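Values in this document were obtained by computation on a predicted structure and should not be read as measured data. A note on names: the letters A, B, ... follow the listed sequences, proteins ahead of strands, and every chain is numbered from 1.
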There are 2 protein chains.
Amino acid sequence: MGMVRPANDPPAIPLELPPEALVLGIDVGGTTMKGEITDAAGAVHAAGVIETPKGLAAFDAMTALGDQLLGELSTEQRALVARAAVILPGIVDTARAIAVFSSNVGWRDVVIGDRFSARWGMPVLIDHDVTVGGWAEWRFGAGRGIDDVCVLMIGTGISGTLSVGGRLVRSAFGQAGEYGHIPVRYPDGLPCPCGNIGCVETLASGASVARAYSTRTGHETKGAAEVFALLDTDPDAEAVISDAVHALADGLIGVVHAVCPRLIVLGGGLAGAGAALTEPLHRAIAERLRLVPPPQVVVGEFGARAGLIGAARFARCGIVR
Amino acid sequence: MGMVRPANDPPAIPLELPPEALVLGIDVGGTTMKGEITDAAGAVHAAGVIETPKGLAAFDAMTALGDQLLGELSTEQRALVARAAVILPGIVDTARAIAVFSSNVGWRDVVIGDRFSARWGMPVLIDHDVTVGGWAEWRFGAGRGIDDVCVLMIGTGISGTLSVGGRLVRSAFGQAGEYGHIPVRYPDGLPCPCGNIGCVETLASGASVARAYSTRTGHETKGAAEVFALLDTDPDAEAVISDAVHALADGLIGVVHAVCPRLIVLGGGLAGAGAALTEPLHRAIAERLRLVPPPQVVVGEFGARAGLIGAARFARCGIVR
């Protein structure tokens, strides 16, 4: 995994597109992939959602989704689509445009090459979905104007971004922002699918919250939202969410001391819980701090659209930074 | 503690000094303060060490030490001393040049103003001792040429720096790098003088290693170095050092996931243990990682001189970044 990233080097294509240009953004998730063609104001000119096939078929589906959306445009509009961005889950080697690994979808070391750009006749940028979505929340959403911000996307898994001194943290050594795999209950916690023990995700992802509640009560739940809805009336729900909040706080407390972010933004499905999540998390972080001021904790502005909005912004400005 | 720092703004004085200039650097520690006047090649033209008086008297001692060193120069040399840097322990508000807090020396909210600059007739820069020493190890020492580096100074206390994308992390919100106060044994650990529970420092500072060994065995020790010397022959020493190493690994694992540094540099007194510390720490970090590559762990190049070397470099180039 010693992949090389162009930490701060702009790509060898022009940056900011002219205002009349349209862009195609595709956000590939483990279950569905979403695509949109948008203009500079963010207005949507074509949109579509399809299921994400498992394995390499996912890449053909990305091509098909792009084809479909581009095909919906008039000839005049089609000529204005100047660049695309495809954002991928798992681990992505941006510098070499390789989809390194996705456990959810099931691929390894897929070279993107000119697969999309040759087909669509335009430059196509590749990056990591959460990196781009977190960047969007920081740069254009709940964190805009603030230099030091941590964004956490909490859904099936947990990962995010970090911005310091007004720049997004990228690493040349590995993929930054894997907050979900910080082992906070090591070595005595639950096994994580990553192979480690006691990762933040084993207690605080949407799936883990639902599973912990079911295990504790014997009642099936449809998901974490249902557990949050029971928070005020059900001590088991309260205990499960408390475990999740403390795992998140333990996971974040290292980076809070290392860089002193002013703000933590929560995105992804679990952020739908709103103040029921942000307020106890702020308290749990604050109670772990003496020397360092506690960051504010807020919900992201873009919800499930952070990836799509980020992909469009990325395609438009040509760089994530 | 919501102090304001000039995250990336250069100070309003010229940057890099001409090569013939000399600089005065003073590194104020909890026990002693050290000063040096050096040239561009790092050659020392005057040097001195004095005890650090407690409380506000420490500031008069800084003035006296500077006076003494400047007084040792010839008139010609004296005229070449173009700038000074005084680096202070605790929490320092660099933007407003305020020594905010030092529990070791015992001061709070001391405005530096023109206290030194008026006396010595030159610009005098102020910053945090560990920030400047860690910056020196990153920029000019064991971490030079590497963009993403975490430096940890392990002595009586533990703190350090973080560099990402080739820039030192400074926060406008609080002091970055307080790794020693990450609560890794919370809420069941030992009380820390900071008021928190289970901080990294309660297990991994030099003082804590010595204390833990004494408590465990009933034998007084002179310090952590003595415990490290017993490592191969004494199971109690091994257990105490293992606790320290695992506390350090638990403290670092959050920032390792957040930013993926390529290198961790250990400075301060405990780094004198060399491979007896770096190798088990590397293993303890690696065993906690699955998705992220383990950073290399090395000892700093400047040892106890990191602060002085940093102060001289800071005075010479006018900015820590």
Separation of [Y] [atom2] from [X] [atom1] (nearest 0.5 Å):
| X | Y | atom1 | atom2 | value |
| --- | --- | --- | --- | --- |
| A/Leu263 | B/Phe173 | CG | CZ | 9.0 Å |
| B/Arg290 | A/Ile197 | CZ | CD1 | 7.0 Å |
| B/Leu291 | A/Cys192 | CG | SG | 7.5 Å |
| B/Arg170 | A/Cys260 | CZ | SG | 11.5 Å |

Contacting region of B/Leu162 [heavy-atom separation from chain A under 4.5 Å]:
side chain
Contact class of B/Val169 relative to chain A, heavy atoms under 4.5 angstrom
side chain
Between A/Leu289 and chain B, which part of the residue has a heavy atom less than 4.5 Å away: side chain, backbone, both or neither?
backbone
Top of B/Gly254, B/Ala258, B/Pro187 for chain A proximity - count of heavy-atom pairs under 4.5 angstrom
B/Ala258
Using every non-hydrogen atom in the two residues, find where A/Ile253 and B/Pro183 come nearest and quote the distance to one decimal.
CG1-CD, 3.7 Å
Where the side chain of B/Arg167 meets the backbone of A/Arg167, is there a donor-acceptor pair that is under 3.5 Å apart?
no
Would you say the side-chain atoms of B/His257 pair up with the backbone N or O of A/His181, donor to acceptor, closer than 3.5 Å?
yes
So which of A/Val164, A/Val255, A/Asn196 has the largest heavy-atom pair count under 4.5 angstrom toward chain B?
A/Asn196
